[in-house]
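Taking it in order: structure first as structure tokens, then the write-up.
Counting starts at 1 for both ligands and their atoms, in listed order.
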Amino acid sequence: MERYRNKEIECMSREDMKKLQDERLVAQVKHVYANVPYYKKLMDEKGVTPDDIRSTADLYKLPFLSKADLREAYPYGLLAKPLSDCVRIQSTSGTTGKRVVAFYTQHDIDLWEDCCARAITAAGGTKDDVCQVCYGYGLFTGGPGLNGGSHKVGCLTLPMSSGNTERQIQFMIDLQSTILCCTPSYAAYIGETLHEMGYTTDDIKLKAGIFGAEPWTEEMRREIEKSLGIKAYDIYGLTETSGPGVAFECSEQTGMHINEDHFIAEIIDPDTGEVLPEGSKGELVFTSITKEAFPLLRYRTRDICVLTREKCSCGRTLVKMSKPLGRSDDMLIIRGVNVFPSQIETVLIEQGYAPNYQIEVDRVNNSDTLDINVEMSDDKFSDMVKDIQQKERDLAAAIKTMLGISPKVHLVPPKTIARSEGKAVRVIDKRKLQ
Ligand code: ADP
Ligand code: ZN
């Protein structure tokens with residue numbers, strides 16, 4: 001039997017949902033225009049006023065926001081409430097240069113946690129469940145979001161955070177966890193470790209997992225479902241829109257329902273910004289219509305996906321998004337951390353290397369690997385050969401400081417990295433996620 005957290009909303013008729021969105025959008029645009037000078041300026045430049053926005057049909061008139069705006073407005077430029085009304089800050093798993101900070105009032109936290117609670121409920125969660133949350137806690141949104149959602153459902157919550165996998169498994173067995181929340185790669189690793197420790201699925205009580213924050217395939221889903229003996233559900237979100245819970249999977253497991261009472265989704269052509277008809281593949285754009293402190297309008301996620309309104313067997317009428325099929329920028333997600341190749345390039349140049357490098361990402365034993373081949377220049381080559389290993393370690397340390405994750409650096413002789421006649425091929429991603 002399908003469970004709903006808020007059946008009235010989740011199964012609302014399209015017409016009523018549109019009405020709700022219209023009302024909320026109109027109010028939200030007024031709120032932002034009056035309180036966020038940064039966005040008011042963008043609207044003024046486009047010649048659009050709050051009076052021009054009467055319904056969701058007028059959404060296309062509003063300017064887009066992108067990560068570049070978030071950086072420019074960092075830290076307080078997009079805040080729509082006094083700081084004294086905010087109770088929380090979260091930040092992306094991104095890195096120093098690209099960090100995004102999001103602000104929440106208590107109302108914002110409540111609605112975010114409620115979205116996560118919908119996801120847990122859709123995965124079958126009730127107050128009788130034991131929910132083990134092994135997303136990272138802290139600034140990252142995964143842990144706090146699912147933790148809050150689990151409380152709202154009334155599950156007995158195990159705030160494990162990530163890491164210490166044997167202890168995760170010991171608790172899973174001793175405390176009879178029934179729901180697991182973490183990244184899909186960590187879920188796969190937990191499954192592997194469970195079997196390595198000599199246990200089987202008979203030793204655990206898990207029934208469902210809620211996995212997201214990074215791309216994963218249907219193959220990986222099946223593998224995790226088998227090794228943990230569960231049903232694995234996808235969950236999607238980003239710090240800019242609160243965190244996980246913007247969209248969640250139901251029992252049909254054919255895409256994620258977007259919480260449309262809080263977020264209006266559009267698909268645009270990433271090159272022209274034009275809104276594409278339903279069913280087209282393009283960049284996902286979100287407008288948050290209920291957030292108070294950090295209400296981004298028309299935020300470009302850079303995630304490429306498809307929206308569909310086909311009838312879902314779960315009974316929900318909320319629009320469904322496909323798994324993200326790629327990105328319209330060059331961001332990589334490696335071990336859950338957002339990585340831009342340009343950041344690696346910056347370190348190389350700072351350390352006196354030429355920007356001839358290649359990044360190789362792979363997934364070995366369900367864990368991401370990051371290898372960086374860096375060319376030595378002709379003039380330094382003979383000098384460097386003496387202490388290559390030390391130089392590789394130094395460079396790896398500098399890159400770790402920038403990214404927060406450790407790469408393996410390989411210094412290679414001059415002219416060994418293939419030159420390209422067009423765009424340089426900087427990244428070889430062997431993970432085959434799409
Ligand atoms: P989070 O805290 O959720 O990791 P970030 O802001 O650091 O948020 O990263 C958000 C990005 O993570 C999204 O834009 C998307 O590319 C990726 N992501 C989140 N959830 C999923 C998912 N279920 N499947 C694929 N990619 C996801
Ligand atoms: Zn459904």
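Between Gly142 and ligand 1, no pair of N/O atoms sits closer than 3.5 Å. Backbone and side-chain nitrogen or oxygen atoms of Glu214 are examined, and one is located within less than 3.5 angstrom of a nitrogen or oxygen of ligand 1. Every N/O-N/O distance between Thr301 and ligand 1 stays at or above 3.5 Å. The distance criterion of under 3.5 Å between nitrogen or oxygen atoms is met by Gly237 with respect to ligand 1. At least one N or O atom of Ala213, backbone or side chain, sits closer than 3.5 Å to an N or O atom of ligand 1. The shortest N or O to N or O distance between Thr92 and ligand 1 is not under 3.5 Å.
Under 3.5 Å, the side chains of Glu2 and Ser251 contain a donor-acceptor pair of N or O atoms. Between the side chains of Tyr357 and Asn373, no donor-acceptor pair is found at a separation under 3.5 Å.
In this structure, Phe211 and Trp216 have perpendicular ring planes: the angle between them is above 60°, well past the 30° mark.
Counting the atoms of ligand 1 from 1 in the order shown, those under 4.0 Å from a heavy atom of Ile235 are 20 (N), 22 (C), 23 (N).
By the 6.0 Å and 45° rule, Arg298 does not stack over the aromatic ring of Phe286.
With Ile210, Asp303, Thr241, Ile333 as candidates, the residue nearest to atom 12 (O) of ligand 1 on a non-hydrogen basis is Ile333.
Counting only distances under 2.8 Å, and ignoring water, the protein N, O or S atoms around the Zn ion (ligand 2) are Cys250 SG, His257 NE2, Cys312 SG, Cys314 SG.
Of the residues listed (Asp303, Thr217, Thr254, Asp234), the one engaging Lys323 in a side chain to side chain donor-acceptor pair (under 3.5 Å) is Asp234, and it is the only one. Among the candidates Thr126, Asp129, Thr121, the single residue satisfying the side chain to side chain contact (heavy atoms under 4.5 Å, CB included) test with Cys155 is Asp129.
Crowding of Tyr353 atom OH: a count of heavy atoms from other residues, nucleotides or ligands under 6.0 Å exceeding 12.
No salt bridge links Glu15 with Lys18; every basic N to acidic carboxylate O contact stays at or beyond 4.0 Å.
Taking a 4.0 Å cut-off on heavy atoms, Arg327 registers as neighbouring ligand 1.
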